[in-house]
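Comments concern the structure below.
Order of appearance sets the numbers: ligands from 1, and atoms from 1 within every ligand. Sequence positions, counted from 1, serve as the residue numbers for this chain. Small disclaimer: the values here were computed from a predicted structure and weren't measured.
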Amino acid sequence: METAAPSAVIVAIDGPSGTGKSSTSKAVAAKLGLRYLDTGAQYRAITWWMITNGIDTDDPHAIAVAAGKPGIVSGTDPAAPTITVDGLDASGPIRTQEVTSKVSAVSAVPEVRTLITELQRSIAASAEGGIVVEGRDIGTTVLPDADLKIFLTASPEARAARRSGELRGKEATDLAATKEALIKRDAADSGRKTSPLAKAGDAVEVDTTELTLDQVIECVVTLVEEKRAART
Ligand SMILES: Nc1ncnc2c1ncn2[C@@H]1O[C@H](COP(=O)(O)OP(=O)(O)O)[C@@H](O)[C@H]1O
Ligand SMILES: Nc1ccn([C@@H]2O[C@H](COP(=O)(O)OP(=O)(O)O)[C@@H](O)[C@H]2O)c(=O)n1
């Protein structure tokens with residue numbers, strides 16, 4: 001493997017839904033000149049492909065057999081991240097409630113995780129200036145040697161309020177239903193056998209419940225800068 005540039009830093013940001021992973025990761029990457037990878041978007045993309053190709057998302061065997069078929073490509077510019085499936089822009093369709101409700105089942109299939117993990121590692125290895133990678137198992141499984149690992153948390157109430165604020169106007173939603181769906185997805189993601197949502201032993205935990213997004217961004221930027229300074 002090639003030696004990374006001295007300032008190149010690999011940052012893993014994990015945590016459950018609505019803790020601020022995507023917003024924080026994008027902003028930190030943009031501020032520090034790093035690439036950005038949303039691994040949840042990749043699991044959503046493969047789920048969308050399964051749905052549109054008539055694969056039963058409750059059938060792990062059918063998912064495993066089809067897992068290698070879609071061609072998923074992630075663009076890693078934090079100012080304009082992209083995701084395509086077989087050359088088609090998937091950024092809109094992967095955010096529907098149908099995909100959200102099925103993604104945990106698809107992403108629990110070991111063959112799916114093996115393929116997507118390989119893709120994630122190759123993207124991180126080719127980001128010469130460094131990258132922020134966000135997801136559920138980045139610090140534990142995908143990039144266990146990351147320079148900095150962050151685990152974001154927040155109360156279910158705060159996370160549901162943030163999510164329903166986002167959904168309003170797009171699809172019918174209410175706070176209680178959003179909270180219930182979110183807790184159900186957390187339980188599925190934390191309880192699966194292969195590479196569950198988990199905090200790495202050496203991750204820094206940041207509870208974002210009472211913090212503004214700007215405060216979280218500043219906190220992570222400071223932690224990255226400290227890591228960089230310690231290496232020079
Ligand atoms: N600390 C925060 N305070 C208030 N709102 C936040 C905070 N962090 C993120 N948000 C908002 O919450 C929503 C979900 O954030 P997002 O970054 O998508 O979370 P995740 O990637 O962990 O699911 C977004 O609308 C975002 O702007
Ligand atoms: N590294 C990752 C990232 C996401 N996922 C799965 O993908 C789903 C969607 O992730 P996401 O990050 O887009 O979800 P939100 O938190 O943004 O709603 C999660 O609920 C997990 O089932 C995963 O298994 N491993």
Closer than 3.5 angstrom, by distance alone: can the side chain of S25 be matched with the main-chain N or O of V132 as a donor-acceptor pair?
no

Atom 18 (O) of ligand 2: the protein heavy-atom neighbour that sits closest, reported with distance to 0.1 Å
R185 NH2, 2.8 Å

Shortest non-hydrogen separation from S104 to A188 and the atoms involved
CB-CB, 3.9 Å

Heavy-atom closest pair, residues R192 and A108
CD-CA, 3.8 Å

Below 4.0 Å, non-hydrogen atoms only: which portion of S107 touches ligand 2? Side chain, backbone, both or neither.
side chain

Within-cut-off N or O pair, E134 and ligand 2, under 3.5 Å:
no

Pull out every atom of ligand 1 sitting under 4.0 Å from any heavy atom of L211, numbered as shown with elements.
1 (N), 2 (C), 3 (N)

For the side chain of K149 and the backbone of P144, is there at least one donor-acceptor N/O pair under 3.5 Å apart?
yes

Considering only heavy atoms, does T212 approach ligand 1 within less than 4.0 Å through its side chain, its backbone, both, or neither?
backbone

Nitrogen or oxygen atoms of V216 and ligand 1 under 3.5 Å apart:
no

Could you find the nearest protein heavy atom to atom 2 (C) of ligand 2 and give me its residue, atom name and distance?
R136 N, 3.4 Å

For S17, atoms of ligand 1 separated by under 4.0 Å from a heavy atom:
23 (O)

Under 3.5 Å between some N or O of ligand 1 and some N or O of E134?
no

Residue, atom and distance of the protein heavy atom nearest atom 10 (O) of ligand 2 read G40 CA, 3.5 Å

Gap between atom CD1 of I63 and atom CG of D58 - 0.5 Å precision:
7.5 Å

Could you check whether any heavy atom of G15 sits closer than 4.0 Å to an atom of ligand 1, since that is the contact criterion I want to use?
no

Could you check whether R162 and S23, counting side-chain N and O atoms only, form a donor-acceptor pair closer than 3.5 Å?
no

Check: R44/T100 side-chain N/O donor and acceptor closer than 3.5 Å:
yes

Only heavy atoms count here, so choose which of R159, R162, Q215, E210 is nearest to atom 12 (O) of ligand 1.
R162

Nearest non-hydrogen protein atom to atom 15 (P) of ligand 2, with distance, is R163 NH2, 3.3 Å

Which heavy atom of the protein is the closest neighbour of atom 3 (C) of ligand 2, given with residue, atom name and distance?
T39 OG1, 3.3 Å

Which atoms of ligand 2 sit under 4.0 Å from any heavy atom of K21?
16 (O)

Any N or O of K21 closer than 3.5 Å to N or O of ligand 1
yes

Which heavy atom of P156 sits nearest a heavy atom of L182, and at what distance?
O-CD2, 4.5 Å

Counting from 1 in the order shown, the ligand 2 atoms closer than 4.0 Å to a non-hydrogen atom of R44 are 9 (C), 11 (P), 13 (O), 14 (O), 15 (P), 18 (O)

Side-chain heavy atoms under 4.5 angstrom apart, residues restricted to Ile, Leu, Val, Met, Phe, Trp, Tyr: same cluster for I150 and L213?
yes

At a 4.0 Å cut-off, with the gap strictly under it, does some heavy atom of Q42 reach an atom of ligand 2?
no

Numbering as shown, the atoms of ligand 2 that approach R113 to under 4.0 Å (heavy-atom distance)
2 (C), 23 (C), 24 (O), 25 (N)

Show, in sequence, the C-alpha distance, side-chain angles and deciding distance for T141 and S195, and conclude whether the side chain to side chain donor-acceptor pair (under 3.5 Å) test is met.
CA-CA 7 Å; T141 302; S195 206; 2.8 Å; yes

With a heavy-atom distance limit of 4.0 Å, tell me whether R192 approaches ligand 2 through its side chain, its backbone, both, or neither.
side chain

Could you pull out the closest heavy-atom pair between I83 and A41, with the gap in Å?
CD1-O, 3.7 Å

Using a 4.0 Å cut-off to any heavy atom of P16, which atoms of ligand 1 qualify?
22 (O)

Salt-bridge present (D186, R163; N to O < 4.0 Å):
no

Identity and distance of the protein heavy atom lying nearest atom 5 (N) of ligand 2
Y43 CD1, 3.6 Å

Is there a side chain to side chain donor-acceptor pair (under 3.5 Å) between D214 and T212 once you walk through the steps?
CA-CA 5 Å; D214 282 347; T212 64; 5.5 Å; no

Quick one: look up the protein heavy atom nearest atom 17 (O) of ligand 1 and list residue, atom name and how far away it is.
S23 OG, 2.4 Å

Does ligand 2 have any atom sitting under 4.0 Å from a heavy atom of S22?
no

Do T208 side-chain atoms and T153 backbone N/O form a donor-acceptor pair below 3.5 Å?
yes

Hey, is D189 close enough to R136 for a salt bridge, meaning N to O under 4.0 Å?
yes

Kindly work out whether a path of hydrophobic side-chain contacts (I/L/V/M/F/W/Y, heavy atoms less than 4.5 Å apart) joins I116 to I55.
yes

Of the protein's non-hydrogen atoms, which lies at the shortest distance from atom 21 (O) of ligand 1, and what is that distance?
S22 N, 2.9 Å

Under 3.5 Å: donor-acceptor pair, side chain of T209, backbone of S155
yes

Closest heavy-atom approach to atom 20 (O) of ligand 2 among D189, L197, T47, V133 is made by D189

Give me the nearest non-hydrogen protein atom to atom 19 (O) of ligand 1 as residue plus atom name, then the distance to 0.1 Å.
G20 N, 3.2 Å

Where is the nearest protein heavy atom to atom 24 (C) of ligand 1: which residue, which atom, and how far?
E166 OE2, 3.1 Å

Looking only at heavy atoms, the pair that brings R228 and L34 closest together is NH2-CD2, 3.6 Å

Considering only heavy atoms, does R163 approach ligand 1 within less than 4.0 Å through its side chain, its backbone, both, or neither?
side chain

Numbered atoms and elements of ligand 2 in range of G135, under 4.0 angstrom, heavy atoms
1 (N), 3 (C)

Looking only at protein heavy atoms, which one is nearest to atom 1 (N) of ligand 2, and how far off is it?
D137 OD1, 2.9 Å

